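Have a look at the structure below, then the notes.
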Number of protein chains: 2
Amino acid sequence: MTSEILEKKTGNIRAKSQVKILTAARTEFVLQGYRGATVQSIADRAELPKANILYYFKNKENIYHAVLEHTLEMWDEGIGDIEADQGPKVAIEKFIEAKVRMSFNHPESSKIYAMEIIQGAQHLKDYARTYQRQWVREKAKLFQQWIDNGEMANVDPVHLIFLIWSATQHYADFETQILTIMNRADFEEEDVEQVIAFLCDIILRGCGLT
Amino acid sequence: MTSEILEKKTGNIRAKSQVKILTAARTEFVLQGYRGATVQSIADRAELPKANILYYFKNKENIYHAVLEHTLEMWDEGIGDIEADQGPKVAIEKFIEAKVRMSFNHPESSKIYAMEIIQGAQHLKDYARTYQRQWVREKAKLFQQWIDNGEMANVDPVHLIFLIWSATQHYADFETQILTIMNRADFEEEDVEQVIAFLCDIILRGCGLT
DNA sequence: ATTATTATTAACCATTTAGTCAGTTAATCG
DNA sequence: CGATTAACTGACTAAATGGTTAATAATAAT
């Protein structure tokens, strides 16, 4: 055995346990909220003794932070970058598609993030907030240029981003309500495509991009 | 003093205390979640001893139910009814306006409702869910008729309702994030009007109603 | 005024919960 | 192998929490 493989193995136990814990924690935090999720309930779901959880994470807050951090990273990766050269139509399409797919593929992450914001973003670090402000400003500037060039209708770019954000996120956060209303037990593959098509259709037309 | 006034007075203490408690509870439930909001914290916020809270509400769950019930009633009143005879343009405008105003005027109610749904609607009675399904179906049927009559673009009516729902609710639920991004401390009157105008503009155009 | 009802609250209790610790077992390494 | 480090865990504790109770004060009814 090379030392590389050995190294991998040592890290593996730790890594595997942490993934197990974080997965369980994510579910518990969604179902019960931060305070409602107990270290014991996370342990039960992860099928590990409580003390083991606290061996890998100093305390409950650390678990939550790790979950939150992971969510932010995923969002960052998942969101396709809106580029200036692609034009408004492709940009909006890509943005909608990326966000819808994330909503359907990782509803729990979206939910945790939503709850965090709803409760006042008490655990969200300042850099995360600042980062988002920068992101929105930057993208809004792009939209504004397209508007100024007459490439799309004159709609407020910041609110447009809010609109796309909310409409896409909704399918994750309000999963329960949507399934109830649609009288379904679960979403299916085609639902994702249908939502993407619907949102692209109506929002692009709303932006005068047809 | 007539007996009516006396009756009023007896009920007054109860009513006043209950309002005080429910107002405090609403805030606590938003800030800390169901489990995180303690009877003590609600008492502190209401400036009443804890035992007094439990004199008016048997237990914490009852407080929460009362808060939730109040929210549903308000939603029911606040939402202007979409009528068949007004046509799609007015219907959508009215719907958007009603929901945006509710979001800005009662963000806490919206937030509590959102959290409840995100967590799986564990406390929401079946009748509330069924009621909403009925409501959406009914309104979707109206939209479908308008589409069939060629009065608006062929967009999925159910998803259209989801879109309006999410876009409007967003300003309540994600208040924190939106204020951060807009670099503001609070919303102002003109923000409400601007949001209504923006959403009507883009969604109506999206529905081919310009 | 006297009685009855409603409102109020301090003190208390059983349970839950986050976190600690000391001791054990398993993996890794020279 | 022997030693070192990492992984694991049962048992415990202090604090917090939901809820009860019993006793007192205020209000209303007769």
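Note that the structure is a prediction, hence the values are computed from the model and not measured. Order of the sequence lines fixes the chain letters, A, B, ..., with proteins taken first and strands second; residue numbering starts at 1 for each chain.
- Atom CD1 of I53(B) is separated from atom P of dT20(D) by 15 Å (rounded to the nearest Å).
- Using modelled atom types and a 3.5 Å distance limit, the side chains of Y171(B) and D191(B) yield no donor-acceptor pair.
- In this structure, the side chain of R133(B) engages the main chain of T180(A) through a donor-acceptor pair within 3.5 Å.
- Closest to the T38(A) side chain, of the nucleotides dT17(C), dA10(C), dG18(D), is dT17(C).
- Going from atom NZ of K16(B) over to atom P of dA26(D) covers 18 Å, rounded to whole Å.
- Distance CG (L54(A)) to P (dG10(D)): 13 Å, rounded to an integer number of Å.
- Phosphate contact (OP1/OP2 of dA7(D), side-chain N/O of R14(A), threshold under 4.0 Å): present.
- Positionally, the nearest nucleotide of DNA chain D for Y55(A) lies more toward the 5' end than for the other of Y55(A) and R35(A).
- Heavy atoms of N59(B) sit under 4.0 angstrom from primed sugar atoms or phosphate atoms, though from no base atom.
- With hydrogens and angles left out, the side chain of K58(A) and the base of dG19(C) share no donor-acceptor pair within 3.5 Å.
- Under 4.0 angstrom from either OP1 or OP2 of dC8(D) there lies at least one side-chain N or O belonging to Y56(A).
- When rounded to the nearest whole Å, the span between CG of L48(A) and C1' of dA6(D) equals 16 Å.
- Residue N52(A) places its side chain closer to dC8(D) than to any other of dC8(D), dG18(D), dA18(C).
- Defined by atom type and a distance below 3.5 Å, a donor-acceptor pair is missing between the side-chain atoms of Y127(A) and Q132(A).
- Listed candidates were dA7(D), dG19(C), dT9(D). Nearest to the side chain of K50(A) is dG19(C).
- Not a single donor-acceptor pair, N or O on each side, falls under 3.5 Å between the base of dG19(D) and the side chain of K60(B).
- In this structure, W165(B) has its ring center no closer than 6.0 Å to that of W135(B).
- Under the 6.0 Å cut-off for aromatic ring centres, H123(B) and Y34(B) qualify, their centroids lying closer than that.
- Across all strands shown, dA28(D) is found opposite dT3(C) as a Watson-Crick or G-U wobble partner, with both distances under 3.5 Å.
- Positionally, the nearest nucleotide of DNA chain C for A37(A) lies more toward the 5' end than for the other of A51(A) and A37(A).
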